[in-house]
Amino acid sequence: MKKFFQEIKADIKFKSAGPGQKLTGSVGERAPKEKPNQTAVRQPRQGPTNEAQMAAAAALARLEQKQPKARGPTSQESIRNQVRKELRAEATVSGSTEAPGTNMVPEPREEGSAHLAVPGVCFTCPLTGATLRKDQRDAHIKEAILSHFSTDPVAASIMKIHTFNRDRDKVKLGVDTIAKYLDNICLHPEEEKYRKIKLQNKVFQERINCLEGTHEFFEAIGFQKALLPVPDQEGPEEFYVLSEAAVAEPQSLQRHKDQLLVAEPVRATLARQRRVFRPSPMASQFDLPGDFFNLTAEEIKREQRLRSEAVERLSVLRTKAMREREEQRELRKYTYTLLRVRLPDGCLLQGTFYARERVGALYAFVREALQSDWLPFDLLASGGQKLSEEDSLAFNECGLVPSALLTFSWDAAVLDDIRAAGAEPNSSILKPELLAAIEKLS
């Protein structure tokens with residue numbers, strides 16, 4: 001038994017000793033390692049051959065081509081944070097130079113400069129025919145409407161309702177309510193209750209009293225204010241009561257109601273400010289006033305909304321169609337555009353348009369200036385792109401903002417007829433009165 005335990009101890013001691021130990025020696029004693037007889041002599045390293053260097057360079061080039069480009073932050077949150085930083089930096093810097101490769105916009109000039117392509121954006125009042133600046137149009141139209149009360153109070157009150165009140169939903173609700181009052185009178189001419197309108201009525205207060213021009217309209221069509229007793233009430237109430245003379249002419253009430261329903265706000269129309277210039281090498285240069293770039297309060301709100309959408313838009317992958325839609329949206333921030341058309345004789349016809357107007361408006365503008373306005377012609381944008389009169393595209397959708405130079409071209413059949421008649425295709429085609437007012441483009 002004793003020998004059995006000694007063998008077990010020896011076996012454990014042998015296993016725990018590790019390599020290089022004697023079974024009879026101590027655990028900490030290790031067998032000496034053999035030393036090399038002599039130090040190995042280092043051979044000098046030879047450089048790569050020319051063929052090896054060329055092969056290595058080719059392999060390195062292939063690796064660089066396969067190497068993925070550095071990518072920015074990929075998480076949506078990090079992208080949003082980066083976009084917000086860029087938007088804040090852009091908002092704090094005004095007048096900064098645009099990055100190379102972006103669409104450069106002509107720098108706006110101050111009004112009154114002698115070199116402006118157009119003095120500013122102007123409008124025409126449809127009531128007086130006066131030419132107005134952008135900041136004069138609203139005040140002038142209101143004054144013209146108020147002065148119209150002396151000649152036609154019904155028409156003036158209708159214009160006031162539709163023009164002075166900006167909330168179109170409230171205007172429509174109020175107009176429909178007034179039309180309902182008048183319909184009840186026309187349908188029930190013998191019913192006295194329909195000829196009276198209680199001014200303190202909840203519907204009247206919420207839908208009609210809040211609109212400018214409604215009281216003038218009621219008085220203009222024959223209603224008069226009167227204090228009338230109310231059953232189960234101590235004091236009288238104020239009512240609009242239709243006069244007997246107006247009741248006797250239901251056709252007039254029907255006509256006034258129809259006028260009220262179909263009326264539109266009185267708005268100043270954009271003045272084309274047509275100008276004709278002599279041939280000039282500066283035809284494609286546009287010095288635009290600030291009116292073409294300054295944004296109204298509504299336009300500023302729209303720009304802020306678009307910038308907020310940019311945060312979400314840049315956080316997702318975009319297809320080609322999405323990018324094209326975004327480019328079109330960027331072009332829509334312009335309200336006006338100045339267009340020039342180079343005619344066959346080199347003269348330039350210039351006009352101001354809304355950026356959202358259709359291409360057909362430019363064709364009509366050019367046709368009005370031609371001696372032979374019935375002959376077909378084409379308008380070509382830069383690069384020879386033909387603009388079709390039948391297209392429903394707007395100028396901003398065609399990239400013709402905030403200014404552009406186009407070329408006039410006769411229809412092929414017309415050009416053949418001109419040459420067959422022995423006439424000069426490049427002769428002047430404008431009306432004589434326009435040629436008499438031709439200017440030099442400076």
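FYI, the numbering just counts along the sequence from 1.
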Decide, yes or no, whether a salt bridge links Glu237 with Lys225 under the criterion of side-chain N to carboxylate O below 4.0 Å. no
Got Val171 and Arg168 here, is their nearest side-chain heavy-atom distance under 4.5 Å? yes
Apply side chain to side chain contact (heavy atoms under 4.5 Å, CB included) to the pair Asp152 and Val154, showing each step before the final yes or no. CA-CA 6 Å; Asp152 191 345; Val154 176; 4.0 Å; yes
Mind telling me whether His215 and Phe204 have parallel, tilted or perpendicular rings, with 30° and 60° as the class edges? perpendicular
Would you compute the distance between atom CG of Leu387 and atom CG of Leu400 and round it to the nearest 0.5 angstrom? 6.0 Å
Output yes when a side-chain donor or acceptor of Gln273 lies under 3.5 Å from a complementary backbone atom of Gly120, and no otherwise. yes
On a heavy-atom basis, which atom in Glu206 and which in Cys210 lie closest, and how many Å separate them? O-SG, 3.3 Å
Which heavy atom in Ala268 sits nearest to a heavy atom in Ile141, and how many Å separate them? N-CD1, 3.3 Å
Using 0.5 Å steps for rounding, measure from the CE atom of Met282 to the CG atom of Leu348. 11.0 Å
Evaluate side chain to side chain contact (heavy atoms under 4.5 Å, CB included) for Met159 paired with Leu127, printing each intermediate quantity in order. CA-CA 11 Å; Met159 288 188 290; Leu127 300 178; 4.1 Å; yes
For Thr407 and Val341, the nearest pair of non-hydrogen atoms, with its separation, is C-CG1, 4.5 Å
Any cation-pi pair here, Lys142 with Phe164, using under 6.0 Å and within 45°? yes
Basic-acidic side-chain contact under 4.0 Å: Asp373, Arg367: no
With rounding to the nearest 0.5 angstrom, report the NZ to NZ distance, Lys180 to Lys257. 10.0 Å
Hey, could you give me the OG/CG distance between Ser403 and Asp287, rounded to the nearest 0.5 Å? 9.5 Å
Does the side chain of Thr177 come within less than 4.5 Å of Val203's, by heavy atoms? yes
Say whether, by atom type as modelled, one donor and one acceptor occur between the side chain of Thr131 and the main chain of Thr124 under 3.5 angstrom. no
To check you understand the geometry: which heavy-atom pair defines the closest contact between Leu338 and Gly351, and what is its length? CD1-O, 3.5 Å
Within the 4.5 Å heavy-atom criterion, are Leu199 and Tyr240 side-chain neighbours or not? yes
What are the two closest non-hydrogen atoms of Ser428 and Gln371, and how far apart are they? O-NE2, 3.9 Å
If you define the side chain from C-beta out and look only at heavy atoms, does anything of Gln350 sit under 4.5 Å from Val118? yes
Could you note down all residue pairs passing salt bridge (Lys or Arg N to Asp or Glu O under 4.0 Å) where residues 156-166 supplies at least one of them, sequence neighbours left out? Asp138-Arg166, Lys160-Glu216
Would you confirm whether Tyr181, through its side chain, and Lys196, through its main-chain N or O, come within 3.5 Å as a donor-acceptor pair? no
Under 3.5 Å donor-acceptor, Lys172 side chain and Asp167 backbone: no
Under the side-chain hydrogen bond (donor to acceptor under 3.5 Å, both in side chains) rule, collect the residues that match up with Glu439, sequence neighbours excluded. Arg275
Evaluate Phe353 against Phe365 for ring-ring contact (aromatic ring centres under 6.0 Å, His included), listing each step before the verdict. CA-CA 10 Å; Phe353 298 83; Phe365 172 74; 5.3 Å; yes
Which atom of Asp291 lies closest to which atom of Lys134, heavy atoms considered: O-NZ, 4.0 Å
Using the ring of each side chain (for Trp, its six-membered ring), is His188 parallel, tilted or perpendicular to Tyr194, with breaks at 30° and 60°? parallel
Give, for atom NZ of Lys386 and atom OG of Ser409, the distance between the pair rounded to the nearest 0.5 Å. 8.5 Å
Salt bridge (Lys or Arg N to Asp or Glu O under 4.0 Å), that's the test. Do Glu368 and Arg272 meet it? Break it down for me. CA-CA 12 Å; Glu368 290 176 357; Arg272 297 295 186 206; over 6 Å; no
What distance separates Asn201 CG from Asn209 CG, expressed to the nearest 0.5 Å? 11.0 Å
Are Phe149 and Ser157 packed together at the side-chain level, in the sense that at least one heavy-atom pair is separated by less than 4.5 angstrom? yes
Kindly indicate, with the supporting measurements, whether the criterion side chain to side chain contact (heavy atoms under 4.5 Å, CB included) is fulfilled by Leu370 and Leu375. CA-CA 9 Å; Leu370 301 180; Leu375 295 178; over 6 Å; no
Flag, side chain of Asp345 to backbone of Cys347, donor-acceptor distance under 3.5 Å: yes
Is it true that a side-chain atom of His162 and a backbone atom of Leu260 form a donor plus acceptor pair closer than 3.5 Å? yes
Would Arg342 and Phe408 count as a cation-pi pair here, with the cationic atom under 6.0 angstrom from the ring centre and within 45° of the axis? no
Side-chain (Glu357) to main-chain (Tyr354) donor-acceptor, under 3.5 angstrom: yes
With sequence neighbours left out, the residues meeting ring pair (Phe, Tyr, Trp, His ring centres under 6.0 Å) with Phe217 are none
Is it the case that over 12 heavy atoms from other parts of the model lie below 6.0 angstrom from the CD atom of Glu143? no
Flag the pair Arg358 / Glu390 as yes when at least one side-chain heavy-atom distance between them is below 4.5 Å, and no otherwise. no
Just wondering, do Val401 and Tyr336 contact through their side chains at under 4.5 Å, heavy atoms? no
Would Arg419 and Glu424 pass as an ion pair if we require N to O under 4.0 Å? no
Atom CD of residue position Glu192 - does it have more than 12 heavy atoms of other residues, nucleotides or ligands inside 6.0 Å? no
Kindly indicate whether the side chain of Ile438, heavy atoms from C-beta on, has any atom under 4.5 Å from the side chain of Phe277. no
How far apart are the C-alpha atoms of Leu182 and Ile221, what are their side-chain angles, what is the distance that settles it, and do they pass the side chain to side chain contact (heavy atoms under 4.5 Å, CB included) test? CA-CA 10 Å; Leu182 300 182; Ile221 64 176; 3.9 Å; yes
Under the 6.0 Å and 45° cation-pi test, does Arg340 pair with Phe286? yes
